[in-house]
Q: 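Before we start, here is the structure in question, set down as structure tokens.
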Amino acid sequence: QVQLQESGPGLVKPSETLSLTCTVSGGSINNYYWSWIRQPPGEGLQWVGYIHYSGNTNYNPSLRSRVTMSVDTSKNQFSLKLSSVTAADTAVYYCARHDSGDYSLDYWGQGTLVTVSS
Amino acid sequence: QAGLTQPPSVSKGLRQTATLTCTANSDNVGNQGVAWLQLHQGHPPKLLSYRNNNRPSGISERLSASRSGNTASLTITGLQPEDEADYYCSAWDSSLSAWVFGGGTKLTVL
């Protein structure tokens, strides 16, 4: 059974960079696309972007200027960096896998709350 | 503006049937199919349906999804208290080159 686990600081100061890592277990990171999705308090889901195991990326146009994703296949991990954060970036951040057939998000991490505050 | 539109809330009685809808706002959304997710407070999203009408293994047969034109639907029969949750549809928007979610529907089981 594929499992995903997010890790990283739960508190980030305004204007700094949010950094999260997703560790995949029970399966290989290879041959799949992997996404970050977030949910601000009281709001809906927002796709942040995806990364392919090859390193190919695609980001939400509204966040593109601040997002960087990377992948480390040797560790079965992929990461998210979001720069110049504000309180609006406070959210539960999920990592998830895209199914190889229709690209629906079939496996999700538990999510981690990141709060932006001084 | 959103690529997918969902009603904010639906309320139905115990053991009744609820149908949740999701409308794509353009022909560029959902060409590879629409998926449905369930979110319970404090838990990660769970995939309920993919590619318009396919149910992953382990998902209750009380749930079924369909699509007609730009509108996708998720039907839940014999509503149970545990069905009370937020439901999101999702799909690829080829014009934005982005994965999009509907605003979510809060299902209340009375």
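Lettering of chains follows the sequences in order, A, B, ..., and the numbering in each one begins at 1. Excluded from the calculations below are hydrogen atoms, water molecules and symmetry mates; all remaining heavy atoms, backbone and side chain alike, are included.
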Q: Specify whether B:F101 and B:Y88 have parallel, tilted or perpendicular ring planes, treating 30° as the upper limit for parallel and 60° as the lower limit for perpendicular.
A: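 Answer is perpendicular, since the angle exceeds 60°.
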Q: Between A:Q46, A:E43, A:Q110, which has the largest tally of heavy atom pairs under 4.5 Å with chain B?
A: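 Between A:Q46, A:E43, A:Q110, the count favours A:Q110.
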Q: Please state whether the side chain, the backbone, both or neither of A:D106 comes within less than 4.5 Å of a heavy atom of chain B.
A: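 Both backbone and side chain.
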Q: With only heavy atoms counted, which part of B:P45 is less than 4.5 Å from chain A, the side chain, the backbone, both or neither?
A: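 Contact with chain A: backbone and side chain both.
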Q: Would you please test A:H98 and B:W99 for ring pair (Phe, Tyr, Trp, His ring centres under 6.0 Å) and show each step?
A: CA-CA 11 Å; A:H98 288 269; B:W99 192 260; 5.3 Å; yes
Q: Between B:D83 and B:R62 (salt bridge meaning N to carboxylate O under 4.0 Å), is one present in this structure?
A: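 B:R62 and B:D83: salt-bridged.
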Q: Salt bridge or not between A:D99 and B:R51? Use side-chain N to carboxylate O under 4.0 Å.
A: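 Not counted as a salt bridge, because no side-chain N and carboxylate O are separated by less than 4.0 Å.
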Q: Side chain from CB out, backbone as N, CA, C, O: work out which of these in B:A98 comes under 4.5 Å of a heavy atom of chain A, or both, or neither.
A: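 It is both, since atoms from each part get that close.
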Q: Using non-hydrogen atoms and a 4.5 Å limit, figure out which bit of B:S97 sits close to chain A: side chain, backbone, both or neither.
A: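 Backbone plus side chain of B:S97, per the 4.5 Å heavy-atom cut-off to chain A.
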Q: For chain B, which of A:I37, A:V92, A:N60, A:N58 has the most heavy-atom pairs under 4.5 Å?
A: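 Most heavy-atom pairs within the cutoff with chain B belong to A:N58.
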Q: Parallel, tilted or perpendicular: which describes the rings of A:Y50 and A:Y33, with under 30° parallel and over 60° perpendicular?
A: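 The rings of A:Y50 and A:Y33 stand perpendicular, inter-plane angle above 60°.
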